[in-house]
Amino acid sequence: MSPLYSHIHSLSDFSSKLNGFASRSVRIRQNSKYSNGFRCYCDVSHSQQTSPEDSRTSVTVKKRIVSGVQPTGSVHLGNYLGAIKNWIALQNTYETLFFIVDLHAITLPYDTKELSKATRDTAAIYLACGIDASKASVFVQSHVHAHVELMWLLSSATPIGWLNRMIQFKEKSRKAGDENVGVALLTYPVLMASDILLYQSDFVPVGEDQKQHLELTRELAERVNYLYGGRKWKKLGGRGGAIFKVPEPLIPPAGARVMSLTDGLSKMSKSAPSDQSRINLLDPKDVIANKIKRCKTDSFPALEFDNPERPECNNLLSVYQLVSGKTKEDVAKECQGLNWGSFKPLLTDALIEHLHPIQVRYEEIHSDSAYLDSVLEEGARKASEIADATLKNVYQAMGFLRR
C-alpha cells in the first residue's frame with residue numbers, strides 16, 4: 001500500500017472520507033463569504049495592530065503576501081501598473097515575497113537560451129521599479145526546491161476534474177494544439193497552489209484572470225487540511241489543526257487590468273504578436289512616442305471615463321491617471337475639453353517621465369551582476385526557511401518516513 005493511503009484501512013473507508021470532504025466542501029461554499037465570489041481587499045493596512053493596552057506585552061505581526069511574474073518577454077506597462085507598482089506599497093505594510101516564476105515559464109514551448117537571461121532581467125526590473133530587498137524577499141522560483149516537491153504532494157490530492165475546468169488551460173491548449181501541450185500546462189494551477197501555500201500566505205494579489213486559479217488553491221488547501229490535518233496529523237506526531245492557511249485574494253483598486261493599445265477590449269499581454277499593442281518598461285522615448293501616436297482611438301468628441309462604447313478612451317485615460325499620480329476626477333476635468341491630437345502628447349510625456357527613473361535604475365542594477373546575484377541568493381534563503389518548514393509538516397501529515 002502506498003504511503004499516501006497508509007492511514008486508510010479499506011476502500012470503503014477511503015470513499016467515506018472523500019464523501020465527508022465533499023459534503024464539507026458544499027457546506028463551506030454555502031456558508032462562506034466567498035459563495036458569491038471573492039471579497040476583494042483593496043486597502044493596504046491589514047497588518048495586525050496591537051491595542052494601546054497590549055503594546056507593552058505583544059508585537060505587531062504582519063500579514064504575509066506572495067506573488068510572482070513570469071520571465072517571458074519584456075515586462076510591460078500592464079505588468080507594472082497592474083502588479084509591480086502596487087507591490088511597492090504592499091511591502092511597507094506586509095511581509096512580502098516576490099519571485100520570478102521560471103518553472104511556470106516552461107509550460108509552453110520556450111527558448112532555452114533566453115530563459116536565464118529573461119529571469120535576471122525580470123529580477124532587475126523588479127528592483128528598479130522600487131521593490132526594496134531590505135523589506136521584501138526577491139528570489140527565483142526554481143531556486144527554492146520546495147515548490148516542486150509540494151506540487152507533487154498536492155497533485156496526489158487534486159481531482160483531475162478540478163484541472164479540466166480551468167479556463168486558461170482550455171484556451172491555451174486550443175491555441176497551441178495537442179502536440180505542443182505538455183502535462184505541465186494542465187498541472188500549472190497545482191504549482192501555483194504550491195507557490196502560495198508553501199508560505200502560509202494571508203493574501204495573494206491577483207488579477208481578474210487569476211481568480212479561478214486562486215479559488216482552486218483555496219479549495220485544495222481545505223481538501224488537504226481535511227484529509228490529512230487535524231487529529232489525523234496529531235496522531236502522527238504533528239501539532240494537529242490546519243496544515244495550510246487558506247489565502248484570500250487582494251485585488252488592487254486601480255491598474256488591475258491595463259488594456260492593449262490596439263484593442264481596448266483585450267488585456268495588454270506579452271504574448272500578443274504585435275509589440276505595438278504594449279508599452280514595455282524599457283522602451284526608449286521615441287518608441288513610446290510612436291506607439292502612443294499610432295494607438296487605437298475613436299471618433300467621439302472630447303474624452304471621458306467609463307463609457308462602454310469607448311474602451312480605448314477609458315484605457316488611455318486610466319493609464320494617464322496612474323502614471324501622472326492624479327485622481328480620476330482631476331484627469332476627467334483636465335481632459336474633458338481635449339481631443340486626441342492634444343491628449344496623446346500629454347500621455348506620452350507622462351509615460352516617459354514616469355518610466356525614465358526606472359530605466360536608469362535598471363541599467364545600474366543590470367550592470368552590477370554581483371549585487372543582483374546577492375539579492376536573489378538572500379531572497380531564496382529567506383524563502384526556503386519558510387517553505388521548508390511547511391514542506392516538513394506536509395510530509396509528516398501525509399505519513400512519510402521522517403528524514
Side-chain angles (χ1 to χ4, degrees), residues 69 72-86 88 118 121-122 124-125 128-130 207-209 252 254-363 366:
V69 167
T72 51
S74 299
V75 176
H76 57 67
L77 195 67
N79 302 136
Y80 172 63
L81 295 178
I84 300 174
K85 191 171 184 288
N86 293 293
I88 298 168
D121 291 351
T122 303
I125 287 180
C129 288
E208 293 292 327
D209 58 342
R257 197 170 178 83
V258 177
M259 312 308 285
S260 167
L261 297 181
T262 56
D263 179 5
L265 296 175
S266 299
K267 187 176 179 181
M268 188 174 288
S269 171
K270 299 175 185 179
S271 60
S274 174
D275 193 59
Q276 172 65 30
S277 68
R278 55 189 171 267
I279 298 290
N280 302 304
L281 293 196
L282 302 181
D283 278 344
K285 295 179 181 179
D286 59 334
V287 173
I288 293 174
N290 186 52
K291 287 181 177 180
I292 295 301
K293 184 178 180 179
R294 297 173 56 197
C295 71
K296 184 180 179 182
T297 56
D298 56 42
S299 57
F300 286 80
L303 306 177
E304 59 182 334
F305 281 103
D306 302 326
N307 184 337
E309 296 183 13
R310 307 185 67 186
E312 288 81 16
C313 183
N314 185 70
N315 182 49
L316 295 176
L317 286 175
S318 297
V319 169
Y320 178 63
Q321 176 200 337
L322 290 165
V323 298
S324 66
K326 299 177 181 180
T327 66
K328 185 175 180 179
E329 292 73 21
D330 287 342
V331 170
K333 184 181 297 184
E334 177 186 5
C335 299
Q336 64 181 354
L338 301 181
N339 56 31
W340 289 116
S342 53
F343 173 72
K344 284 186 175 183
L346 196 67
L347 174 59
T348 298
D349 290 344
L351 279 167
I352 291 172
E353 182 179 356
H354 190 91
L355 296 181
H356 179 67
I358 295 173
Q359 295 174 351
V360 171
R361 179 61 179 150
Y362 170 81
E363 292 300 330
H366 197 266

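Bear in mind that the values here come from a model prediction, so they are computed numbers and not experimental data.
In the model, D263 has no side-chain atom that pairs as donor or acceptor with a side-chain atom of S260 under 3.5 Å.
Judged by distance alone, with hydrogens and angles left aside, the side-chain atoms of N315 form a donor-acceptor pair with the main-chain N or O of M259 at under 3.5 Å. Judged purely by atom type and a 3.5 angstrom limit, E312 has no side-chain atom pairing as donor or acceptor with the backbone of K296.
The minimum heavy-atom distance linking C129 with L281 is given by the pair SG-CD1, 3.7 Å. Across S277 and S274, no two heavy atoms sit closer than the pair OG-O, 2.7 Å. Taking both residues in full, the closest heavy atoms of S324 and Q321 are given as OG-O, 3.3 Å, listed atom of the first, atom of the second, then distance. Taking every heavy atom of both residues into account, D306 and N314 meet most closely at N-OD1, 2.8 Å.
Residue pairs satisfying the salt bridge (Lys or Arg N to Asp or Glu O under 4.0 Å) criterion with at least one member in residues 274-287, sequence neighbours excluded, are listed as follows: D275-R278, D275-K291, D283-K291. Residue pairs meeting the salt bridge (Lys or Arg N to Asp or Glu O under 4.0 Å) criterion with at least one partner in residues 318-327, sequence neighbours excluded, are K326-E334.
For the side-chain contact (heavy atoms from CB on, under 4.5 Å) test, residues two or more places apart in sequence or in another chain that qualify with Q359 are L282, L355. Taking N290 as the reference, R294 meet the side-chain contact (heavy atoms from CB on, under 4.5 Å) condition, with sequence neighbours excluded. Judged as a side-chain contact (heavy atoms from CB on, under 4.5 Å), and not counting sequence neighbours, the contacts of E304 are N307, R310.
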Pair N280-K270, side-chain contact (heavy atoms from CB on, under 4.5 Å): steps then yes or no: CA-CA 9 Å; N280 302 304; K270 299 175 185 179; over 6 Å; no
Run the side-chain donor-acceptor check on residues 335-345: report pairs under 3.5 Å with partners two or more places apart or on a different chain.
{"from": "N339", "atom 1": "OD1", "to": "G341", "atom 2": "N", "distance (Å)": "3.1"}
{"from": "N339", "atom 1": "OD1", "to": "S342", "atom 2": "N", "distance (Å)": "2.9"}
{"from": "N339", "atom 1": "OD1", "to": "S342", "atom 2": "OG", "distance (Å)": "3.0"}
{"from": "W340", "atom 1": "NE1", "to": "D298", "atom 2": "O", "distance (Å)": "3.1"}
{"from": "W340", "atom 1": "NE1", "to": "D298", "atom 2": "OD1", "distance (Å)": "3.3"}
{"from": "S342", "atom 1": "OG", "to": "N339", "atom 2": "N", "distance (Å)": "3.2"}
{"from": "S342", "atom 1": "OG", "to": "N339", "atom 2": "O", "distance (Å)": "3.0"}
{"from": "K344", "atom 1": "NZ", "to": "I292", "atom 2": "O", "distance (Å)": "3.4"}
{"from": "K344", "atom 1": "NZ", "to": "K293", "atom 2": "O", "distance (Å)": "3.0"}
{"from": "K344", "atom 1": "NZ", "to": "C295", "atom 2": "O", "distance (Å)": "3.3"}

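L316 CG to L303 CG: the interatomic distance, rounded to the nearest 0.5 Å, is 9.0 Å. Remark: R361 CZ to I358 CD1 distance equals 12.0 Å, nearest 0.5 Å.
Residues L317 and L347 form no side-chain contact, since every pair of their non-hydrogen atoms from C-beta on lies 4.5 Å or further apart. The side-chain heavy atoms of F305 and V331, taken from C-beta on, include a pair separated by under 4.5 Å. For the pair Y320 and L351, the minimum side-chain heavy-atom distance is 4.5 Å or more. For the pair H76 and N79, the minimum side-chain heavy-atom distance is below 4.5 Å.
The distance between the ring centers of H354 and Y80 falls below 6.0 angstrom.
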